[in-house]
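One structure is given below, encoded as structure tokens.
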Number of protein chains: 2
Amino acid sequence: MKGHQVTIKDIAKILHISPSTVSRALKDHPDINPQTKKNVQDLAKKLNYKPNLVALSLLQQESKIIGVIIPEIIHYFFSTVISGIEKVANEAGYHIIIAQSNESYYKEVENVQALLSSNIDGFIISMAKTTMQFDHFKNIEEIGVPMVFFDRSCDVVNADRVIVDDFDGAYKATKHLIDNGCKNIIHLAGPLNLDIGKKRKEGYLAALNESNLPIHDYSIQICDTKEQALQLIPELLRRHPLIDGIFAVNDLTAVGAIKAIKSIHKDVPNDILVVGFENSFISQISEPELTTIDQKGFEMGQNAARLLLKRIHSNENYGPVTTILNTELVQRKSSMKN
Amino acid sequence: MKGHQVTIKDIAKILHISPSTVSRALKDHPDINPQTKKNVQDLAKKLNYKPNLVALSLLQQESKIIGVIIPEIIHYFFSTVISGIEKVANEAGYHIIIAQSNESYYKEVENVQALLSSNIDGFIISMAKTTMQFDHFKNIEEIGVPMVFFDRSCDVVNADRVIVDDFDGAYKATKHLIDNGCKNIIHLAGPLNLDIGKKRKEGYLAALNESNLPIHDYSIQICDTKEQALQLIPELLRRHPLIDGIFAVNDLTAVGAIKAIKSIHKDVPNDILVVGFENSFISQISEPELTTIDQKGFEMGQNAARLLLKRIHSNENYGPVTTILNTELVQRKSSMKN
DNA sequence: CCTATTGTTTCAAACGTTTGCGAAATGAAT
DNA sequence: ATTCATTTCGCAAACGTTTGAAACAATAGG
């Protein structure tokens, strides 16, 4: 079925010279007769010769491919990260192969194994929510393939990391709500086994403590999807009508909260202020538009790729590097009372 | 830097047998002594042996990798397609390598060339908006690498295709507006060099003609981004106040239109009805939620992958297959007058 | 005429794996 | 003792490319 890419051997045969001469001619090696060089290069162009990267991979033990393992590509944040990775990788002559874990530990392990078989030059990974064992990452470490985590990182493994300052972002978000008059702010939190869940919660608590605002037993709710928010919020607000601010662990949950609030005929921002975390696309679609913390997906991807490339090209074995990106508060209507 | 994956040679050396014996032992070849087999398999497991797929690629001239070239991964539609592709591909033991054209013809050509070098087993492609030459696709065809187009396809090349019934979808959308009382419906159209732009426009026109509604010189506007809609719509509505329905070529443009309409203090759906095309994520975020045509991204991806795998595994050279997916009207608030 | 030098080309090995074929060893049958 | 079959294994080639070393030719210097 599949035809035949032109190879160095083909060219060699046609010109009655050896493959090694062709190889050298193509890369302008000084040893080669200018006339031979020209013949080879002309023919190569004419036949549309393209070097076989697989053969090169095998020979040079590098594939120029970076494996990216993420939970779900449909999340805006992850797709922006991918764009950032791809940009930097392409500029350095690398390609990326993407595998989704769909938030499943097993799929994640499978992906790691499969990519390890493919002579990947390095990994860029954001962990699945359900991952609580780390042997597959340790496996990567043992083999010596460079690996960079972003956003959701695994701290029992030696690897570079790129994260945003989740604590500070959460602090800023909460402080912003406090500054705008909120007295009873709840936090819709992510899973606390993930660093981002923990850190954002801590930033939230720090801001409350600093302003001596009370923390109730209902102040922190594990709730990080739109659906969960739609279900949880109406009942919660009924029971605790004094809630006047919501800080959600991500934008989608925040939008779910806004929709829920509207559904019980309360108003955002006049009754309750809402802040998200991500600055995703939907924050500009939402009504009112959502105040949020910019999570810098594209920059994160670029930084992750840069860290990885540096690691790939380095001979020394320097210790793990962690890059922490600054977050930024993006103010929109959902936190601006009229 | 990079360590050493365990190879068949390593195992052979340790057990003082030849690589070929190891290879056969690992795949339960009947020629091999059961005891040897056991030794090999045990050691392989112990050393965590993983076959080197690059070597296999080179030998068998297939990489078990599918190249996917899409305009932009951040678009919800494309990411759902990718998920569909990945699911089917993974089930068949394939992985996907993703390259974005960012709607640039040049980047698209580059990507094709690069992937051709990587012994890709097949391509799944959605063309960039700016692509009007097709030599790079013809190149793929000549070499004989299977190729499937989805959504935005190129008809000067022999290849399988998966598309939605754009004409019918557009017809349904427009008909829906007419049925709900619209008399002056405009169409925000995509680039007319793309099939989807053409077909959706034609479906729109067909519905208008069928109901004997007049078509004005301003009825069709080339406008397929949120930003363009935000800029275009207010002025357009000022000049033509009788417009009472908008059918946009995609959801994002529709949302832009809704925002624009609100900005001049008109109401959706009470003054103007709006319908999009895609059934993207944002159609449920928008206020009011957006009526739209489901473009079946996930199914499209699955179908594209299935067509490609069939082509890869087939020896005959059957003619190009086109799969047309049915669209579906998803009714939401943006087209339901109170 | 021999040696050294330079310019040009080829050889062979290597990367990891598979596989047709041949080889060695064993045992059984003649 | 010879032949034959069976069991088990290794050799070598192949995939496409690169690269150090060797080979060859031609020329110049002595």
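Each chain gets a letter, A, B and so on, in the order its sequence line appears, and its residues count up from 1.
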Sequence neighbours excluded, the answer for side chain to side chain donor-acceptor pair (under 3.5 Å) partners of A:Thr7 is A:Asp10
Partner set under ring-ring contact (aromatic ring centres under 6.0 Å, His included) for A:Phe137, not counting sequence neighbours: A:Phe149
Touch class at under 4.0 angstrom, heavy-atom based, for B:Ser57 against every strand present: nothing
How would you label the contact of A:Leu56 with the nucleic acid (heavy atoms, under 4.0 Å): base, sugar-phosphate, or nothing? sugar-phosphate
Taking 5' to 3' order, which nucleotide of DNA chain D is first and which is last to have an atom within less than 4.0 Å of a heavy atom in chain A? D:dC15 to D:dA21
Could you list the residues that satisfy salt bridge (charged side-chain N to carboxylate O under 4.0 Å, His left out) with A:Lys87, not counting sequence neighbours? A:Glu91
Side-chain donor-acceptor distances from residues 98-105 of chain B under 3.5 Å, at least two apart:
{"residue": "B:Gln100", "atom": "OE1", "partner": "B:Ile73", "partner atom": "N", "Å": "3.0"}
{"residue": "B:Gln100", "atom": "NE2", "partner": "A:Ser83", "partner atom": "OG", "Å": "3.3"}
{"residue": "B:Gln100", "atom": "NE2", "partner": "A:Glu86", "partner atom": "OE1", "Å": "3.1"}
{"residue": "B:Ser101", "atom": "OG", "partner": "B:Glu103", "partner atom": "N", "Å": "3.3"}
{"residue": "B:Glu103", "atom": "OE1", "partner": "B:Lys129", "partner atom": "N", "Å": "2.7"}
{"residue": "B:Glu103", "atom": "OE1", "partner": "B:Arg152", "partner atom": "NH1", "Å": "3.0"}
{"residue": "B:Glu103", "atom": "OE2", "partner": "B:Arg152", "partner atom": "NH1", "Å": "3.4"}
{"residue": "B:Glu103", "atom": "OE2", "partner": "B:Arg152", "partner atom": "NH2", "Å": "3.0"}
{"residue": "B:Ser104", "atom": "OG", "partner": "B:Tyr106", "partner atom": "N", "Å": "3.2"}
{"residue": "B:Ser104", "atom": "OG", "partner": "B:Lys107", "partner atom": "N", "Å": "3.0"}

Without placing hydrogens or testing angles, list every side-chain donor-acceptor pair under 3.5 Å for residues 23-30 of chain B, not counting sequence neighbours.
{"residue": "B:His29", "atom": "ND1", "partner": "B:Asp31", "partner atom": "N", "Å": "3.1"}

Once ring-ring contact (aromatic ring centres under 6.0 Å, His included) is applied, do any residues pair with A:Tyr76, and if so which ones, sequence neighbours excluded? A:Phe281
Side chain to side chain donor-acceptor pair (under 3.5 Å) partners for A:Gln302, two or more places apart: A:Arg306
Measure the angle between the two terminal helix axes of the helix from C:dC1-D:dG30 to C:dT30-D:dA1, five base pairs each, and quote it to 10°. 90°
Can you list the residues that meet the side chain to side chain donor-acceptor pair (under 3.5 Å) rule with B:His136, with sequence neighbours excluded? B:Glu108
Output all residues satisfying salt bridge (charged side-chain N to carboxylate O under 4.0 Å, His left out) with B:Lys138, sequence neighbours left out; order by chain, then residue number. none
Under 6.0 Å from the six-membered ring centre of A:Tyr318 and within 45° of its axis: does the NZ or CZ of A:Lys310 meet both? yes
Between A:Lys9 and B:His16, which has a closest nucleotide on DNA chain D that is more 5'? B:His16
Any residue of residues 19-32 of chain A with a heavy atom less than 4.0 Å from an atom of DNA chain C: A:Ser20, A:Thr21, A:Arg24, A:Asp31, A:Ile32
